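Report on one structure; see the data block that follows.
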Amino acid sequence: MEHIETDLLVIGWGKAGKSLAKALGSAGRDVVLVEQSDQMYGGGCINIACVPTKALVHQAELRRGESPAEWFASAVGKRDALTDKLRAANHAMLENVDAVTLVDGRARFVGAREVEVSAGSDVLRISASTVVINTGTVPARPDLPGADGARVHDSRTIQHVDPLPQRLAVVGGGFIGMEFAGMFARFGSEVTLLDGADRLLPGEDTDVAEAVAAALADAGVEVIHGARAQEIVDHGDSVSVAYASGSVDADAVLLATGRRPATDGLDLAAAGVDVDERGYVVVDDQLRTSADGVFAVGDVNGGPQFTYISFDDHRIVLDQLAGTGTRRTTDRVAVPTTTFITPPLSRVGLSETEARAQGLDVHVVVKPVAEIAAMPRPKILGETHGLIKLVVDADTGLLLGATLFCVDSQELVNLVALAMRAGVRASDLRDSIWTHPSSTEALNEVLAGLPR
Ligand SMILES: Cc1cc2nc3c(=O)[nH]c(=O)nc-3n(C[C@H](O)[C@H](O)[C@H](O)COP(=O)(O)OP(=O)(O)OC[C@H]3O[C@@H](n4cnc5c(N)ncnc54)[C@H](O)[C@@H]3O)c2cc1C
Ligand SMILES: NC(=O)c1ccc[n+]([C@@H]2O[C@H](COP(=O)([O-])OP(=O)(O)OC[C@H]3O[C@@H](n4cnc5c(N)ncnc54)[C@H](O)[C@@H]3O)[C@@H](O)[C@H]2O)c1
């Protein structure tokens with residue numbers, strides 16, 4: 001059996017792993033990166049997750065005319081062309097670094113910092129001074145009768161559903177459920193979203209959840225709350241999803257009920273790597289596992305599941321391998337999120353409910369987007385759903401949090417997050433000069449509601 005020894009072994013081509021491989025390989029350190037699928041070069045984000053789904057959301061928003069199925073098929077073609085291009089670019093990016101060796105196959109630990117990689121009948125043994133586990137997550141199929149039926153999809157397979165389902169039942173009202181529900185409604189499917197909770201976005205303020213529900217309803221999504229799916233029945237030419245108080249008929253079902261760590265067959269125990277009760281690799285605030293010299297980065301370590309968090313994970317590990325060794329996950333402040341419904345829902349910091357629950361003295365300013373006179377951009381784009389809400393510390397005048405449910409919010413939230421990190425006062429954002437017509441200029445008007 002061939003045996004390779006290397007400085008750094010990366011298992012899985014996730015965002016953190018590829019960034020580490022590029023940085024250390026370019027600095028001349030020997031790196032081996034193992035990826036199990038040639039369809040996943042570059043990792044989940046560019047192949048099956050963030051980028052292709054947002055390409056589909058965009059195509060859905062552009063849809064005009066009377067042939068939903070044709071539009072969808074063409075959108076999927078554009079999606080595939082984009083991912084093919086990105087996958088090739090990602091492969092080239094690492095292939096062109098002399099010190100990086102790319103290995104196709106599935107890795108399995110056989111000892112401390114030692115793996116075997118199988119690709120067909122070939123087996124390769126790799127030992128490394130440092131190992132980085134970056135294997136990501138996979139959909140967590142709920143334990144429901146009928147969940148493995150032919151008409152039942154996860155977030156990956158639904159992107160190639162053929163034909164476009166006339167009726168789609170989406171199970172789960174989290175990030176994936178809401179994004180796909182909104183997208184398929186815009187493609188022309190009749191969408192029913194079943195969610196186990198009493199209302200959408202149970203962690204958000206009521207006015208925000210109501211605004212999101214209104215936008216989804218206007219897009220044609222029917223949301224049924226308190227509907228925890230119990231059984232899926234395939235009727236041959238259709239499918240139904242049963243919950244405690246009823247059932248919904250559909251042509252296809254999307255299960256969007258969360259994800260689980262991709263550690264099957266990795267034999268983490270052989271490396272002395274501990275996992276928690278959900279199977280995620282246990283790490284400290286510098287992403288070190290229980291095994292010396294083994295790190296876990298990205299979704300598999302149980303942290304927030306976002307590409308930019310995986311990217312920041314790479315910075316923390318890189319800092320230990322080639323820097324000062326001081327960077328930690330606890331350094332993260334004001335980390336924003338965006339759910340790509342239409343318009344996008346972006347959040348950073350505390351909600352009003354969270355701030356008040358902490359006993360903070362706050363000023364809250366909020367305005368429906370349609371009523372923000374000094375922000376014509378949503379009217380220009382013809383998308384005036386949503387609201388903008390900011391929570392400000394009454395004592396310091398500093399921003400504590402923001403909910404931006406409006407066009408361009410995936411950009412605007414980054415500016416607000418930076419302001420929070422840099423200690424910029426809300427009044428400075430209110431009094432700043434912003435370009436026109438932009439979405440940023442909403443800050444002039446919405447923050448004008450603060451007491452002077
Ligand atoms: C539908 C969807 C939409 C999303 N949209 C967004 C978004 O808009 N914005 C955002 O920030 N995040 C989004 N996310 C989350 C985001 O995709 C992940 O947080 C991100 O990809 C981080 O991944 P990672 O670094 O953990 O590794 P991944 O990108 O998951 O890569 C892990 C790699 O490891 C490989 N692998 C697994 N096991 C082995 C093994 N034993 N041997 C070899 N290789 C192995 C896998 O094939 C895979 O290529 C979305 C997720 C989904 C599912
Ligand atoms: N825009 C983005 O950044 C983005 C987009 C997609 C995914 N992601 C990441 O991927 C992760 C996984 O997304 P997800 O949507 O699968 O998980 P999630 O945890 O966000 O949501 C799962 C939802 O399913 C519901 N649920 C669970 N079992 C159910 C059942 N039997 N019947 C009805 N409802 C049920 C839960 O109440 C919850 O609302 C997210 O947490 C996020 O980190 C990010």
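Whatever order the structure lists them in is the order used to number ligands and atoms, beginning at 1. Only heavy atoms go into these numbers, but all of them, side chains included; no hydrogens, no water, no symmetry mates. From a predicted model like this one, the values you see are computed outputs, not experimental measurements.
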May I ask you to check whether H160 and D80 show a side-chain donor-acceptor distance below 3.5 Å? yes
Could you check whether any heavy atom of P304 sits closer than 4.0 Å to an atom of ligand 2, since that is the contact criterion I want to use? no
Of the protein's non-hydrogen atoms, which lies at the shortest distance from atom 9 (N) of ligand 1, and what is that distance? C50 SG, 3.7 Å
Could you give the distance from CG (L216) to OG1 (T342), rounded to the nearest 0.5 Å? 9.0 Å
Separation between CZ of R125 and CD of E116, rounded to the nearest 0.5 Å: 4.5 Å
Nearest candidate to atom 43 (O) of ligand 2, where distance is taken over non-hydrogen atoms, out of E179, R260, Q305, Q410: Q305
Return the orientation label for the F311 and H314 ring planes: parallel under 30°, perpendicular over 60°, tilted otherwise. tilted
Residue portion contacting ligand 1 (non-hydrogen atoms closer than 4.0 Å) for C45: both
Among S118, S37, A49, G12, closest by heavy atom to atom 3 (C) of ligand 1 is A49
Within-4.5 Å side-chain heavy-atom neighbours: F109 and E114: no
Which bit of L144 gets closer than 4.0 Å to ligand 2, counting heavy atoms only: side chain, backbone, both or neither? neither
Any nitrogen or oxygen of T53, side chain or backbone, less than 3.5 Å from one on ligand 1? no
Is R108 close enough to touch ligand 1? Criterion: a residue heavy atom under 4.0 Å from a ligand atom. no
Identity and separation of the nearest protein heavy atom to atom 26 (O) of ligand 1: D299 N, 2.8 Å
Heavy atom under 4.0 Å from ligand 2: found in P142's side chain, backbone, both, or neither? neither
Among non-hydrogen protein atoms, atom 48 (C) of ligand 1 lies closest to E35 OE1, 3.5 Å
In terms of heavy-atom contacts, R151 and H153 come closest through O-CD2, 3.5 Å
Is the backbone N or O of S351 less than 3.5 Å from a side-chain atom of D205, with the two atoms forming a donor-acceptor pair by type? no
Hey, is ligand 1 close enough to G44 that some N/O pair sits below 3.5 Å? yes
Under 3.5 Å, is there a donor-acceptor pair between the side chain of S74 and the main chain of E70? no
Atom 53 (C) of ligand 1 [closest protein heavy-atom partner, distance rounded to 0.1 Å]: R259 NH1, 3.2 Å
If I apply the N/O under 3.5 Å rule, does F340 come out as touching ligand 1? no
If you measure every N/O of T137 against every N/O of ligand 1, is any gap under 3.5 Å? no
When you measure from atom 20 (C) of ligand 1 to every protein heavy atom, which one gives the shortest distance, and what is it? T307 OG1, 3.4 Å
Q159 and R79: side-chain donor and acceptor closer than 3.5 Å? yes
A197 touching ligand 2 at heavy-atom level, < 4.0 angstrom: no
Can a donor-acceptor pair be found between the side chains of E5 and H3 at a distance below 3.5 Å? no
NE2/H58: more than 12 non-hydrogen atoms of other groups inside 6.0 Å: no
Measuring only between side-chain heavy atoms, which start at C-beta, is S439 closer than 4.5 Å to M375? yes
Just to confirm my output: which protein heavy-atom neighbour is closest to atom 25 (O) of ligand 1, and how far is it? S310 OG, 2.7 Å
Ranked by distance from atom 27 (O) of ligand 1, the top protein heavy atom is G14 CA, 3.4 Å
Give yes if a backbone or side-chain nitrogen or oxygen of S155 is under 3.5 Å from a nitrogen or oxygen of ligand 1, and no if not. no
Report the part of I309 in contact with ligand 1, treating N, CA, C, O as backbone and CB onward as side chain, heavy atoms under 4.0 Å; options are side chain, backbone, both, neither. neither
Given Y243, Y308, F180, F175, identify the one with the heavy atom nearest to atom 44 (C) of ligand 2. F175
Got an N/O contact under 3.5 Å between I11 and ligand 1? no
Would N134 count as a polar contact of ligand 1, with the cut-off being nitrogen or oxygen pairs under 3.5 Å? yes
Test your reading of the structure: does Q36 have an N or O sitting under 3.5 Å from an N or O of ligand 1? yes
Taking P165's backbone N and O only, do any of them form a donor-acceptor pair with D251's side chain (distance below 3.5 Å, no angle check)? no
Indicate yes or no: at least one non-hydrogen side-chain atom of F295 is less than 4.5 angstrom from one of L321. yes
What about the rings of F72 and F184, do their centers lie closer together than 6.0 Å? yes
To the nearest 0.5 Å, how far apart are OG1 in T339 and CD in E204? 8.0 Å
Once you restrict to heavy atoms under 4.0 Å, what part of K54 touches ligand 1? Side chain, backbone, both or neither. side chain
What protein heavy atom is closest to atom 30 (O) of ligand 1, reported as residue, atom name and distance in Å? G136 CA, 3.5 Å
Return yes when T337 approaches ligand 2 closer than 4.0 angstrom through a heavy atom, no otherwise. no
Out of T257, D143, D195, L201, the nearest non-hydrogen contact to atom 36 (C) of ligand 2 is supplied by D195
A quick test of your reading: do over 12 heavy atoms of other residues, nucleotides or ligands sit less than 6.0 Å from CG of D38? yes
Mind checking whether F187 and F180 have ring centres under 6.0 Å apart? no
Heavy-atom contact under 4.0 Å between G265 and ligand 1? no
Mind checking whether A140 contacts ligand 2 via backbone (N, CA, C, O), side chain (CB onward), both or neither, at a 4.0 Å heavy-atom cut-off? neither
